[in-house]
Number of protein chains: 2
Amino acid sequence: MGVNMPRYDCQKSADFLKLFSHPTRLLIVSELLKGKRCVSRINRLIKVRQPNISQHLSILRSSGIVESSQKGKEVCYCLKKPKVIEDLLYFFKKNKPE
Amino acid sequence: MGVNMPRYDCQKSADFLKLFSHPTRLLIVSELLKGKRCVSRINRLIKVRQPNISQHLSILRSSGIVESSQKGKEVCYCLKKPKVIEDLLYFFKKNKPE
DNA sequence: TAAAGATATTCGAATTTTTGAATATATGGG
DNA sequence: CCCATATATTCAAAAATTCGAATATCTTTA
């Protein structure tokens, strides 16, 4: 696996990883892997304040990880590329941080 | 793949990811994937000041990613679990952050 | 259209991360 | 022992991240 990592790619990859380097955002995306979820449902699962959930969702949306759609009063989020998250969680499963 | 991500694991996984969410540290570990390297050689590759390289190496060492050994005047570093880094780089290759 | 429910935004403060500068430590050679 | 080279540490400042509080925006229904 001839892997070379030019400075430029490293910056991008690091920025990309940073998106998932927060427990709340990690919880959000791993929940979304199960399917489309509205904010209140995510919020029921994650015990932080609603605006904070929205803040994290906003970060994930503006960086292209998730997309949203209105459903009546609710806004639902889903992963744009579920495979990415699947691979990430698989990486954790395989390389358990002890 | 029945993936569930309890809060506790999320914290750990996020902390773990954070180790690699910095371009310099990513460069360091992907260079170490090629083999054992001393600080000055790493420093030749990465254009930041030497103390900064040592600071990042110290973070990686204290969290168990790398280990060091003295070789004369030089200190060499290597990955404790190269497979982890290999898998991480493979994750990037597969899921190119555009 | 007013009210209620659901979600988003803004802004500032607290915290964390990152870096530079200065300095310290360690090693081998002369 | 002194010097040069290689690396590490410390500390403070700068930068980035995170979060709470307050408030704004939508949407539906009465």
Side-chain angles (χ1 to χ4, degrees), chain A residues 7-8 10-29 31-32 35-79 97, chain B residues 7-8 10-29 31-32 35-79 97:
Chain A
R7 195 198 188 67
Y8 176 70
C10 267
Q11 181 65 60
K12 282 193 175 183
S13 295
D15 288 347
F16 184 63
L17 269 200
K18 203 172 290 185
L19 293 172
F20 307 107
S21 299
H22 189 286
T24 298
R25 289 197 295 272
L26 213 43
L27 268 173
I28 289 175
V29 297
E31 176 66 12
L32 290 183
K36 190 175 287 198
R37 296 284 188 271
C38 71
V39 177
S40 50
R41 180 161 174 187
I42 296 173
N43 203 170
R44 229 168 291 131
L45 183 74
I46 308 180
K47 302 313 289 169
V48 304
R49 289 157 220 273
Q50 173 272 318
N52 197 8
I53 296 281
S54 280
Q55 286 166 335
H56 285 296
L57 282 169
S58 160
I59 290 171
L60 292 172
R61 183 168 15 112
S62 72
S63 52
I65 306 299
V66 304
E67 63 187 359
S68 61
S69 58
Q70 197 102 16
K71 265 231 164 187
K73 273 187 288 191
E74 302 180 338
V75 176
C76 289
Y77 283 81
C78 65
L79 296 172
Chain B
R7 194 196 186 68
Y8 176 70
C10 268
Q11 182 67 58
K12 282 194 175 182
S13 296
D15 288 347
F16 184 63
L17 270 200
K18 204 173 290 185
L19 293 172
F20 307 108
S21 300
H22 189 286
T24 298
R25 288 197 296 272
L26 211 43
L27 268 173
I28 289 174
V29 296
E31 176 67 12
L32 291 183
K36 189 176 286 198
R37 296 285 187 272
C38 70
V39 177
S40 50
R41 181 161 174 187
I42 296 173
N43 202 169
R44 230 168 291 130
L45 183 75
I46 308 179
K47 301 314 287 170
V48 306
R49 289 156 220 273
Q50 173 272 318
N52 196 8
I53 297 281
S54 280
Q55 285 164 335
H56 285 296
L57 282 169
S58 159
I59 290 171
L60 291 171
R61 182 167 16 109
S62 72
S63 51
I65 306 299
V66 304
E67 62 187 0
S68 61
S69 58
Q70 197 101 16
K71 265 230 162 187
K73 273 188 288 191
E74 301 179 338
V75 176
C76 290
Y77 283 80
C78 66
L79 296 172

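Note: hydrogens, waters and symmetry copies are ignored here, and every other heavy atom, side chains too, is used. Chain letters run A, B, ... following the sequence lines, proteins first and then strands; every chain starts at 1.
Each of Gln55(B) and Ser58(A) has a nearest nucleotide on DNA chain C; the 5'-most of these lies closest to Ser58(A). Mapping Lys71(A) and Thr24(A) onto DNA chain D by nearest heavy atom places Thr24(A) at the nucleotide closer to the 5' end. Where Pro51(B) and Lys73(B) each meet DNA chain C at their nearest nucleotide, the meeting point lying more 5' is that of Pro51(B).
As a whole-Å value, the separation of Asp15(A) CG from dT18(C) P is 12 Å. Following rounding to the nearest Å, Lys18(B) (NZ) and dT17(D) (C1') show an atom-to-atom distance of 8 Å. A straight line from CD1 of Ile28(A) to C1' of dT7(C) spans 13 Å, rounded to a whole angstrom. The distance between atom CG of Asn43(B) and atom C1' of dT5(D), rounded to the nearest whole Å, is 13 Å. Distance CD (Gln11(A)) to C1' (dA16(D)): 13 Å, rounded to an integer number of Å. The distance between atom CG of Leu60(B) and atom P of dA8(D), rounded to the nearest whole Å, is 12 Å. We find that CD1 of Ile46(A) is positioned 13 Å from P of dT7(C), with the value rounded to whole Å. Nucleotide dA16(D) holds its C1' atom 11 Å from the CD1 atom of Ile59(A), rounded to whole Å.
A close approach under 4.0 Å does not occur between any side-chain nitrogen or oxygen of Tyr77(A) and OP1 or OP2 of dA6(C). The side chain of His56(A) places no N or O atom within less than 4.0 Å of a non-bridging phosphate oxygen (OP1 or OP2) of dT17(D). Distances shorter than 4.0 Å separate none of the side-chain N or O atoms of Asn52(B) from OP1 or OP2 on dT18(C). Distances shorter than 4.0 Å separate none of the side-chain N or O atoms of Arg49(B) from OP1 or OP2 on dT19(C). A close approach under 4.0 Å does occur between a side-chain nitrogen or oxygen of Arg25(A) and OP1 or OP2 of dT18(D). Under 4.0 angstrom from either OP1 or OP2 of dT7(D) there lies at least one side-chain N or O belonging to Ser40(B).
We find the CD-CG distance between Glu67(A) and Leu32(A) to be 11.0 Å, quoted to the nearest 0.5 Å. For the atom pair CG (Leu26(A)) and CD (Glu31(A)), the distance works out to 12.5 Å, reported to the nearest 0.5 Å.
Side-chain atoms of Arg25(B) come within 3.5 Å of backbone N or O of Leu19(B) as a donor-acceptor pair. Side chain of Ser58(A) to main chain of Ser54(A): no donor-acceptor pair is present (N/O by atom type, distance under 3.5 Å, no hydrogens or angles).
Residue Gln70(B) places no side-chain atom within donor-acceptor reach of the base of dA26(C), judged by atom type and a 3.5 Å distance cut-off alone.
Nucleic acid contact for Glu74(A): sugar-phosphate only, since backbone atoms but no base atoms lie under 4.0 Å from a heavy atom of the residue.
When all heavy atoms of Thr24(B) and Ile46(B) are compared, the closest pair comes out as O-CD1, 4.0 Å.
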